[in-house]
Amino acid sequence: MEQRENLYLPLSGKKKSTDDRTITKRVVQDYLPTSTTTDKVMSELKVVYLNANEPIIKHDPIKKRGKRLTASEKRTMHIYDLPKKGVKYEYFEPLNKLWQGYMKELYGQGQQLQFPQKLLKADYHGAIIKVTKSSNPLLVGSTGIVIQETQNLFKIITKENKIKSIPKSKTVFQVELDICACTFTLYGQQLLTRAAERAAKKFKAKPTIDL
């Protein structure tokens, strides 16, 4: 039986003393732009082993975003609580001027007959509102700038620098606009949504039940 040749024998000839890194450096140098150096590129290269017996370099895992806080957790941490001291009415007067500018822009869009419908979707942070009717008689006459709005409440600051929480339900508000020198009546029952959600909500024509 004929003996087979050993295919794994090294080839005959003079063995070159050049190592693999030097060869790689020469190849990289041929394709590099003049603005960088070979040593810089070589230092950033990472070794990858194709042999299953050799260890594979593992990349750092992608950091996941932390879990968002729930609504109950936010309330527990008092994130939305306003300070009871040091808050003054005059601090929020510039906010009211911004709101009047917002109303001016809203009033100039489209037909004026559609403006009352736009008021239902408007944001009232900075508006000066007055309680004209309420199931709580102690709240009637309360006037101030809206500094915070939730789904069920308006928080206002009065000229006496007092913060009041006014429930929307079973309350009628009055708001004045400088652009048209007119007064509008707002029924809190129609505003029982957050400001961001109310902007995209479609309102149906329903008769308003007075208090």
Side-chain angles (χ1 to χ4, degrees), residues 66-107 109 114-204 206-211:
K67 184 180 178 182
R68 294 184 178 180
L69 296 175
T70 62
S72 60
E73 289 173 342
K74 291 178 180 178
R75 287 193 295 269
T76 304
M77 298 173 66
H78 305 286
I79 291 179
Y80 298 118
D81 289 0
L82 295 170
K84 295 182 179 180
K85 295 182 179 180
V87 181
K88 294 184 179 180
Y89 181 87
E90 59 185 21
Y91 295 164
F92 296 93
E93 288 180 339
L95 182 62
N96 175 250
K97 292 182 180 179
L98 287 175
W99 187 83
Q100 291 291 350
Y102 162 57
M103 285 294 107
K104 181 179 179 181
E105 183 179 350
L106 199 65
Y107 189 79
Q109 295 176 356
Q114 298 176 348
F115 183 70
Q117 185 72 13
K118 294 179 181 179
L119 272 180
L120 291 176
K121 298 184 178 184
D123 190 320
Y124 288 96
H125 287 92
I128 297 178
I129 60 174
K130 179 181 180 181
V131 179
T132 56
K133 294 182 181 180
S134 176
S135 58
N136 184 357
L138 297 177
L139 295 178
V140 176
S142 299
T143 306
I145 300 175
V146 177
I147 58 177
Q148 190 178 50
E149 180 186 358
T150 64
Q151 182 175 351
N152 300 305
L153 290 173
F154 279 125
K155 287 190 177 182
I156 65 173
I157 182 168
T158 65
K159 289 186 177 181
E160 293 76 24
N161 301 324
K162 295 182 179 179
I163 297 177
K164 290 186 177 182
S165 296
I166 313 294
K168 296 178 182 178
S169 180
K170 298 181 181 180
T171 307
V172 180
F173 302 94
Q174 193 177 74
V175 60
E176 295 182 2
L177 301 183
D178 296 342
I179 181 63
C180 59
C182 49
T183 303
F184 288 90
T185 299
L186 302 173
Y187 292 87
Q189 202 69 26
Q190 297 177 333
L191 303 175
L192 290 175
T193 51
R194 296 181 179 88
E197 298 173 355
R198 190 167 62 242
K201 184 178 179 181
K202 293 183 179 179
F203 290 90
K204 296 181 181 179
K206 294 182 181 179
T208 301
I209 300 175
D210 203 349
L211 297 178

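We count residues from 1, following the sequence as given. Computed from a prediction, not measured in an experiment: that's the story for all the values here.
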Hey, could you give me the [atom1]/[atom2] distance between [X] and [Y], rounded to the nearest 0.5 Å?
X: Leu139; Y: Lys133; atom1: CG; atom2: NZ; value: 15.5 Å
X: Ile145; Y: Phe92; atom1: CD1; atom2: CZ; value: 8.0 Å
X: Tyr102; Y: Tyr124; atom1: OH; atom2: OH; value: 8.0 Å
X: Glu105; Y: Gln100; atom1: CD; atom2: CD; value: 13.5 Å
X: Lys74; Y: Arg68; atom1: NZ; atom2: CZ; value: 8.5 Å

Checklist entry - If you draw a 6.0 Å radius around NZ in Lys159, do more than 12 non-hydrogen atoms from other residues or ligands fall strictly inside? => result no
Item to check | Heavy atoms of other groups near Lys155 NZ, more than 12 under 6.0 Å | outcome: yes
May I ask you to test the [X]-[Y] pair for a side-chain heavy-atom distance under 4.5 Å?
X: Leu177; Y: Phe184; answer: yes
X: Thr171; Y: Ile166; answer: yes
X: Met103; Y: Leu119; answer: yes
X: Gln114; Y: Gln109; answer: no
X: Arg198; Y: Glu149; answer: yes
X: Asn136; Y: Pro167; answer: no
X: Asn152; Y: Leu192; answer: yes
X: Thr143; Y: Ile128; answer: yes

Next on the checklist: I need the full list of ring pair (Phe, Tyr, Trp, His ring centres under 6.0 Å) pairs touching residues 138-181, with sequence neighbours left out, sorted by first then second residue.
Outcome noted: Phe154-Phe173
Item to check | For the student: nearest non-hydrogen atoms of Ile156 and Gly144, plus distance | outcome: CD1-N, 3.8 Å
Item to check | For Leu191 against Leu186, the heavy-atom pair lying closest together | outcome: CD1-CB, 4.3 Å
Checklist entry - Stepwise, does the side chain to side chain contact (heavy atoms under 4.5 Å, CB included) test hold for Lys162 with Ile157? => result CA-CA 5 Å; Lys162 295 182 179 179; Ile157 182 168; over 6 Å; no
Next on the checklist: If we check side chain to side chain contact (heavy atoms under 4.5 Å, CB included) with Tyr89, which of these qualifies: Thr158, Asn161, Ile147?
Outcome noted: Asn161
Is a side-chain N or O of [X] found less than 3.5 angstrom from the main chain of [Y], in a donor-acceptor match?
X: Asn96; Y: Ala127; value: no
X: Thr132; Y: Val172; value: yes
X: Trp99; Y: Asp123; value: yes
X: Arg194; Y: Thr150; value: no

Item to check | Derivation and outcome, side chain to side chain contact (heavy atoms under 4.5 Å, CB included), residues Ile129 and Gln174 | outcome: CA-CA 6 Å; Ile129 60 174; Gln174 193 177 74; over 6 Å; no
Next on the checklist: Apply side chain to side chain contact (heavy atoms under 4.5 Å, CB included) to residues Glu73 and Ile79 and explain how you reach the verdict.
Outcome noted: CA-CA 9 Å; Glu73 289 173 342; Ile79 291 179; over 6 Å; no
Item to check | Full working for side chain to side chain contact (heavy atoms under 4.5 Å, CB included) between Lys168 and Gln189 | outcome: CA-CA 6 Å; Lys168 296 178 182 178; Gln189 202 69 26; over 6 Å; no
